[in-house]
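Inspection log for the structure reproduced underneath, given as structure tokens.
When reading the values below, keep in mind they use all heavy atoms of this one structure, side chains included, and skip hydrogens, waters and symmetry mates.
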Amino acid sequence: GKGGGFNLALDSNKITIIKLIEIFQGKFTLSDHTFKKNICHDIATCPLKKMLDKIEGHVRSELDQVTIAYLVDRGR
């Protein structure tokens with residue numbers, strides 16, 4: 001922050017948003033495909049699950065390209 005804050009253990013170009021999400025929240029997923037706390041019984045063939053997995057992969061890939069350094073530079 002402006003008056004102090006944290007020191008990074010890694011170079012800010014090596015810390016991606018997906019890494020931060022997974023450090024603080026666990027594995028990144030759009031949907032664990034549950035309904036009323038039970039895993040979908042048709043998970044192996046569910047077309048929605050396949051679509052969500054594809055979208056999740058795309059979002060993960062995009063977030064893996066955004067680094068702390070990029071965000072800091074954009075904020076100046």
Side-chain angles (χ1 to χ4, degrees):
K2 186 176 181 181
F6 297 95
N7 289 321
L8 300 174
L10 298 173
D11 186 285
S12 61
N13 285 311
K14 295 183 181 188
I15 303 172
T16 65
I17 296 305
I18 196 69
K19 287 180 185 174
L20 289 176
I21 289 171
E22 292 189 337
I23 287 168
F24 291 105
Q25 296 181 358
K27 185 177 184 308
F28 174 80
T29 59
L30 292 179
S31 172
D32 57 6
H33 217 62
T34 59
F35 181 70
K36 294 185 179 180
K37 298 183 183 181
N38 294 313
I39 294 179
C40 175
H41 69 280
D42 198 23
I43 199 165
T45 59
C46 177
L48 177 60
K49 171 77 169 112
K50 289 178 184 178
M51 184 180 297
L52 288 174
D53 286 348
K54 183 178 177 180
I55 293 168
E56 180 181 300
H58 180 72
V59 172
R60 171 182 284 284
S61 176
E62 291 295 315
L63 291 174
D64 200 38
Q65 302 301 311
V66 181
T67 64
I68 297 292
Y70 174 80
L71 294 175
V72 168
D73 290 342
R74 298 284 295 184
R76 293 182 183 172

Show me the side-chain donor-acceptor pairs of residues 3-15 shorter than 3.5 Å, one per line, residues at least two apart or across chains.
| residue | atom | partner | partner atom | Å |
| --- | --- | --- | --- | --- |
| Asp11 | OD1 | Asn13 | N | 2.7 |
| Asp11 | OD1 | Asn13 | ND2 | 3.2 |

- Measure the spacing between CD of Glu22 and CG of Leu20 and express it to the nearest 0.5 Å.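 So the CD of Glu22 and the CG of Leu20 are separated by 10.0 Å.
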
- Item | Asp64 CG to Lys19 NZ distance, which is reported to the nearest 0.5 Å |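 Asp64 CG to Lys19 NZ: 7.0 Å, rounded to 0.5 Å.
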
- Mind listing the closest non-hydrogen atom pair of Arg60 and Ile18 along with its distance?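 Shortest heavy-atom separation between Arg60 and Ile18 comes out as NH1-CG1, 3.6 Å.
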
- Task: Could you check if a side-chain atom of Val66 sits within less than 4.5 angstrom of a side-chain atom of Leu71, using non-hydrogen atoms only?
- Result: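 A side-chain contact under 4.5 Å exists here.
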
Please list every donor-acceptor pair under 3.5 Å in which a side-chain atom of residues 51-58 meets a protein atom from a residue at least two apart or in another chain.
| residue | atom | partner | partner atom | Å |
| --- | --- | --- | --- | --- |
| Asp53 | OD1 | Lys49 | NZ | 2.7 |
| Asp53 | OD2 | Lys49 | NZ | 3.1 |
| Glu56 | OE1 | Leu30 | N | 3.0 |

